[in-house]
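Everything numeric in this text was worked out from a predicted model, so none of it was measured.
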Amino acid sequence: QMALMDPLIQLRELMPQEKVVLWIDGLDEEADILPYQHSESITDMLPLPEELTELSNLCLVISSRPGRHLDRFSNAGAHIIYLESEEFEAEKRTTVKVFIERELRKPDIQHNIESTGYTLDIFKKELIDCSELNFLYLRHLFLAAGSGEIVDLLKGGLPDSLDSIYVLL
């Protein structure tokens with residue numbers, strides 16, 4: 001914890017107007033490896049809301065799947081946003097459409113999709129429905145589509161690169 005807090009305390013003293021934003025992505029993934037480690041977890045080292053208020057120059061943003069590893073933060077009053085919430089549905093749908101449209105403008109992806117018999121419009125419509133607004137799925141699907149791997153993706157299949165990620169989970 002000293003490696004994080006001490007430099008922030010020094011920064012606050014030297015340059016009180018400066019702020020630091022620390023983004024931690026996939027905090028839940030630490031839980032997969034913790035049983036094999038004998039050191040303090042990242043989750044346990046992160047400051048709680050009260051400590052952040054006292055420190056005053058750190059904003060902590062964490063992305064994670066739900067789980068007990070977040071109890072420490074929620075019990076301390078951290079503000080938690082659930083992206084699965086209906087309030088974000090319209091924004092996610094719009095963002096997914098924009099992402100899909102951007103990817104479908106790439107000539108290699110267009111060619112590979114059209115070579116399967118799909119029109120780009122039908123592919124786009126089915127993809128929005130079957131992706132369940134999952135960006136990880138979409139990213140890997142378009143990586144695969146760029147390489148020509150499209151068969152059965154819209155029928156529930158997974159790109160090889162994504163299949164290995166889900167096996168780890």
From [X] atom [atom1] to [Y] atom [atom2], the distance as rounded to the nearest 0.5 Å:
X: Glu51; Y: Thr53; atom1: CD; atom2: OG1; answer: 10.0 Å
X: Ser63; Y: Asp28; atom1: OG; atom2: CG; answer: 7.5 Å
X: Ile42; Y: Leu4; atom1: CD1; atom2: CG; answer: 11.0 Å
X: Phe88; Y: Thr95; atom1: CZ; atom2: OG1; answer: 11.5 Å
X: Gln110; Y: Arg105; atom1: CD; atom2: CZ; answer: 9.5 Å
X: Ile122; Y: Glu114; atom1: CD1; atom2: CD; answer: 11.0 Å

Item checked: Step-by-step side-chain contact (heavy atoms from CB on, under 4.5 Å) determination, Phe142 to Lys106 -> CA-CA 10 Å; Phe142 281 112; Lys106 296 178 180 176; over 6 Å; no
Can you confirm whether [X] is buried at [atom1], in the sense that more than 12 heavy atoms of other residues, nucleotides or ligands lie under 6.0 Å from that atom?
X: Arg102; atom1: CZ; result: yes
X: Glu18; atom1: CD; result: yes
X: Glu132; atom1: CD; result: no
X: Glu89; atom1: CD; result: yes

Can you tell me if [X] uses its side chain to pair, donor with acceptor, with the backbone of [Y] under 3.5 Å?
X: Glu101; Y: Val98; value: no
X: Lys19; Y: Ser56; value: yes
X: Ser41; Y: Asp44; value: yes
X: Ser64; Y: Gly26; value: no

Honestly curious: do [X] and [Y] fall in one hydrophobic cluster under the side-chain, below-4.5 Å linking rule?
X: Ile128; Y: Phe135; value: yes
X: Ile80; Y: Ile24; value: no
X: Leu55; Y: Ile62; value: yes
X: Met5; Y: Met15; value: yes
X: Leu8; Y: Leu14; value: yes

Which heavy atom in [X] sits nearest to a heavy atom in [Y], and how many Å separate them?
X: Lys124; Y: Ile100; result: CG-CG2, 3.9 Å
X: Tyr137; Y: Cys130; result: OH-SG, 4.0 Å
X: Leu27; Y: Phe73; result: CD2-CE1, 4.1 Å
X: Ala145; Y: Asn112; result: O-ND2, 2.7 Å
X: Gly77; Y: Pro49; result: C-CG, 4.0 Å
X: Leu138; Y: Ser131; result: CD2-CB, 3.6 Å

Notebook entry, point to check: Is any side-chain heavy atom of Asn75 less than 4.5 Å from a side-chain heavy atom of Leu48?
Noted result: no
Notebook entry, point to check: Under the salt bridge (Lys or Arg N to Asp or Glu O under 4.0 Å) criterion, do Asp121 and Lys125 qualify, and how do the steps go?
Noted result: CA-CA 6 Å; Asp121 286 337; Lys125 181 185 178 312; over 6 Å; no
Item checked: Partner of Asn57 under side chain to side chain contact (heavy atoms under 4.5 Å, CB included), chosen from Leu11, Ile9, Leu52 -> Leu11
